[in-house]
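No experiment lies behind these values; they were computed from the predicted model shown. Side chains are part of it too, since the values below use all heavy atoms of this structure and drop only hydrogens, waters and symmetry mates.
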There are 2 protein chains.
Amino acid sequence: MSKKDAFDLKDFLPYLLNQAAEVTSREFQTYYRRRYGMLRTEWRVVFHLGRYGDMTATEICDRSMTHKTKVSRAVKALEKKRFIKRTVVEEDKRNETLSLTPSGRAAFRDLFSAARTYDETVTRQFSADENDVLRACLAKIAGT
Amino acid sequence: MSKKDAFDLKDFLPYLLNQAAEVTSREFQTYYRRRYGMLRTEWRVVFHLGRYGDMTATEICDRSMTHKTKVSRAVKALEKKRFIKRTVVEEDKRNETLSLTPSGRAAFRDLFSAARTYDETVTRQFSADENDVLRACLAKIAGT
DNA sequence: ACATATTAGTTGCTTTTGTAACTAACAAGG
DNA sequence: CCTTGTTAGTTACAAAAGCAACTAATATGT
């Protein structure tokens, strides 16, 4: 805002961020939801495994700042849908390595490219400079 | 991102937006939650009434793009906590005008100034130009 | 070795949200 | 008037998220 006494809901960053996040999330949701019956956390798990390779649930929690119960439930659901499989780590049986099945990998490839495309349609609205600033600010706020 | 083949979760706008939104929401939550036992939607309702004057639930829904069940429940909760009261509109008894009680007004004043302060602490991290770009982009994405 | 603490992951219970069906009040056409 | 449609708001039920307590495996200090 420019004047302090005109401070408005639309000047309030948490509100703005939420609205923007909700709009994009809703839009992109249709992909993983309609096509693969996935939930947001499930899509994130698939993204992590597809993009960075096999890892444990805890690693996914750390990288995505997601609570472990959410990931645990996502893993269970993805396993039931045969998108991922788990393997207990012999050296430390508390850990289990998660990996994509062939159909999980196919879903990932599809969703990965859909994500890229969707990102571009949002990005296209802005200049290169605007984009850089936007992303840098968001990353800073998110603390990543 | 700069290279397409480096597309990463942190380059994906919906993800970035969500992370940033969650961080700020969590931080600001502590105010209305701890001090007044409010939920996010309740705080939004209070903000609307305090900032723009009395209005109906539907007007709040429209202005904040919030679903009516959420507002309905927030109104019920706020009424129980004696922060707002309703008055059926005589000319059209389907409508009810919502207005803040004295304690609701006091909570609003407190939270309004907390919001402004909080916004500034986030804003302070960025230059004036960056801020303008950030807010303009978010508003555009949010479609407001 | 053994009690104690940590870590990975799950489960149960509560709170919050989403969706759809519902009531009540009004509007409009015949 | 009286059917049909619309609008404001609520409620009931289902999906999802948050939180805390739990199990199982391992690590640590004595």
Inset, instruction - Could you tell me the separation between the OG atom of B:Ser103 and the CZ atom of B:Arg82, rounded to the nearest 0.5 Å? - result: 9.5 Å

Inset, instruction - Give the B/S/- string for nucleotides 18-28 of chain D, one per nucleotide from 5' to 3', where a protein heavy atom under 4.0 Å of the base yields B, of only the sugar-phosphate yields S, and otherwise -. - result: BBB----BS--

Legend entry - Contacts of type salt bridge (Lys or Arg N to Asp or Glu O under 4.0 Å), residue B:Lys81, not counting sequence neighbours: B:Glu42

Legend entry - Sorted by number, the residues of residues 53-63 of chain B with heavy-atom contact under 4.0 Å to DNA chain D: B:Thr56, B:Ala57, B:Thr58

Inset, instruction - Using whole Å, report how far CD of B:Glu42 lies from C1' of C:dT16. - result: 11 Å

Inset, instruction - Show your working on ring-ring contact (aromatic ring centres under 6.0 Å, His included) between A:Tyr36 and A:Tyr32 and close with a plain yes or no. - result: CA-CA 5 Å; A:Tyr36 301 100; A:Tyr32 53 78; 9.4 Å; no

Legend entry - A:Leu39, nearest nucleotide to its side chain (from D:dA17, C:dT11, C:dA8): D:dA17

Legend entry - Whole-Å gap separating P (C:dT7) and CD (A:Glu96): 18 Å

Inset, instruction - Could you state the atom-to-atom distance from CZ of B:Arg40 to P of C:dG18 in whole Å? - result: 10 Å

Inset, instruction - If the plane angle is over 60° it's perpendicular, under 30° parallel, otherwise tilted; pick one for A:Tyr118 and A:Phe28. - result: tilted

Inset, instruction - May I ask you to decide whether A:Glu79 forms a salt bridge with A:Arg86, counting only side-chain N to carboxylate O separations under 4.0 Å? - result: yes

Inset, instruction - Kindly say whether A:Gln19 contributes a backbone atom to a donor-acceptor pair with the side chain of A:Glu22 at under 3.5 angstrom? - result: no

Legend entry - Geometric class of the B:Phe47/B:Trp43 ring pair [parallel <30°, tilted 30-60°, perpendicular >60°]: perpendicular

Inset, instruction - Considering just the side-chain nitrogens and oxygens of A:Ser72, establish if one lies under 4.0 Å of OP1 or OP2 belonging to C:dG9. - result: no

Legend entry - Separation of C:dT10 C1' from A:Lys80 NZ (nearest whole Å): 15 Å

Legend entry - A:Asn18 CG to C:dT17 P, straight-line distance once rounded to whole Å: 11 Å

Inset, instruction - Pick base, sugar-phosphate or nothing for A:Arg86, based on heavy-atom distances below 4.0 Å to the nucleic acid. - result: sugar-phosphate

Inset, instruction - Scan side-chain atoms only and decide if B:Thr123 and B:Arg135 contain a donor-acceptor pair under the 3.5 Å cut-off. - result: yes

Legend entry - Main-chain N/O of A:Met55 paired with A:Thr97 side-chain donor or acceptor, under 3.5 Å: no

